[in-house]
2 protein chains.
Amino acid sequence: MDDARSRLITSAQELLWERGYTATSPRAIQSRAGAGQGSMYHHFTGKADLAGAAIRRTAEEMTPGARSRLEGPGSPLERLRAYLRVERDVLRGCRLGRLVQDQDVVTDPHLLEPIDAVFSGTIARLAEVLREAQEAGEVRADADPDQVAATLVAVIQGGYVLARAHGSTERYTAAIEGVLSLVTASP
Amino acid sequence: MDDARSRLITSAQELLWERGYTATSPRAIQSRAGAGQGSMYHHFTGKADLAGAAIRRTAEEMTPGARSRLEGPGSPLERLRAYLRVERDVLRGCRLGRLVQDQDVVTDPHLLEPIDAVFSGTIARLAEVLREAQEAGEVRADADPDQVAATLVAVIQGGYVLARAHGSTERYTAAIEGVLSLVTASP
DNA sequence: GTCTATAGGAGGATAGAC
DNA sequence: GTCTATCCTCCTATAGAC
């Protein structure tokens, strides 16, 4: 899987993460992939097409990890903690979430849809685990699982923002631990 | 205050909000402000300098509103609710938070510092109100006010991300209401 | 499949006239 | 203070040869 086409997608994934969509040029992708203009325009119709492939691959790469942590061993609350506390590349930001600030991404359904799908799926799975946790008495019963699931994902995404603004992971950790203390049912 | 210098800053504020830093060109700022090249480079040393002025002005414009809602009338918890539920231009995103995804912004201390200052100030003020709320028994006492304050700001910032990804404000509202239900002390 | 050549436009900035 | 002219580089894409 290290043919030119695949290498181009890999480079696009990296650059999309580092610089976003608008700030990433076909040239930069090509040179990082060690491929020429002709190669790229042979495999893809243009920048947007290649970016779409990169986004879809990133989405596929992120799903299994989240899934396994939320469906893994441990009580519902323990699985929620494991998911929220998993090590993330905080200062680099979310590979998908950061793209959503890009006007050209939000405007192109082919680019936006796979991103939204990841968030939707994550929220749905978190809500499921939250329901289990409520049944087990680990999470207060008077909270709406769907709302709280959105809250949890928002804390992660917002934690990235605070960390990048502050230049350190501290704020991210504080936000995560803060929400964890709140979801946990009072003794 | 509608001289060329001020108009350039206003245009820069708008474009920074709409397109971010990298995707905003001096040309675009000038044409929106109705000013020429010469005018801009007379008042500012370049794009970064003008952007810095725009960011500082936006920061100044955001502070009073937040301050008044958190120091206004009502119980501590009511003030927290008022702050979190205030109407925001959700789909447009945060004027400052969105810039933090931009590599060129994070790299330039003159651009990043005023952004971080707003977040730091907001977190500090929220922590203060949270402490009051705990004393009043409105918020569970076993939570760290500084952590929860970071959580609240993160939920807002992350709510923007979810909303833009989904193309609707629903997810934002869900995240906000979710965290509000969690901070409120159990009956 | 991949390379090179080429193209029109935009980006960011400087210089000097008015 | 503001205008116009000018500069070099990068952007994204197309064309056609190998």
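Note on naming: letters A, B, ... go to the chains in the order of the sequence lines (proteins, then strands), and numbering restarts at 1 for each one.
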Kindly write out the residues that satisfy side-chain hydrogen bond (donor to acceptor under 3.5 Å, both in side chains) with A/Arg140, not counting sequence neighbours, or none if the list is empty. A/Asp142

Checking B/Ser120 against A/Arg171: is there a side-chain donor and acceptor pair closer than 3.5 Å? yes

Rounding to an integer number of Å, can you tell me how far B/Phe44 CZ sits from D/dG1 P? 13 Å

Measure CD1/A/Ile29 against P/D/dC10 and give the value in whole Å, please. 16 Å

Provide the full list of side-chain hydrogen bond (donor to acceptor under 3.5 Å, both in side chains) pairs with a residue in residues 173-187 of chain A, sequence neighbours left out, each pair given once. A/Arg85-A/Glu177

One character per nucleotide, please: for nucleotides 3-18 of chain C, 5' to 3', B when the base has a protein heavy atom closer than 4.0 Å, S when only the sugar-phosphate does, - otherwise. BB------BBBB----

Are side-chain N/O atoms of B/Thr10 and B/Arg57 paired as donor and acceptor at under 3.5 Å? yes

Evaluate the side-chain contact (heavy atoms from CB on, under 4.5 Å) criterion for residues B/Tyr160 and B/Arg88: first the C-alpha distance (whole Å), next the side-chain angles of each, then the deciding distance (0.1 Å), finally the verdict. CA-CA 9 Å; B/Tyr160 283 126; B/Arg88 293 185 169 88; 3.0 Å; yes

Measure from CG on A/Asp104 to P on D/dT12 and round the result to the nearest Å. 10 Å

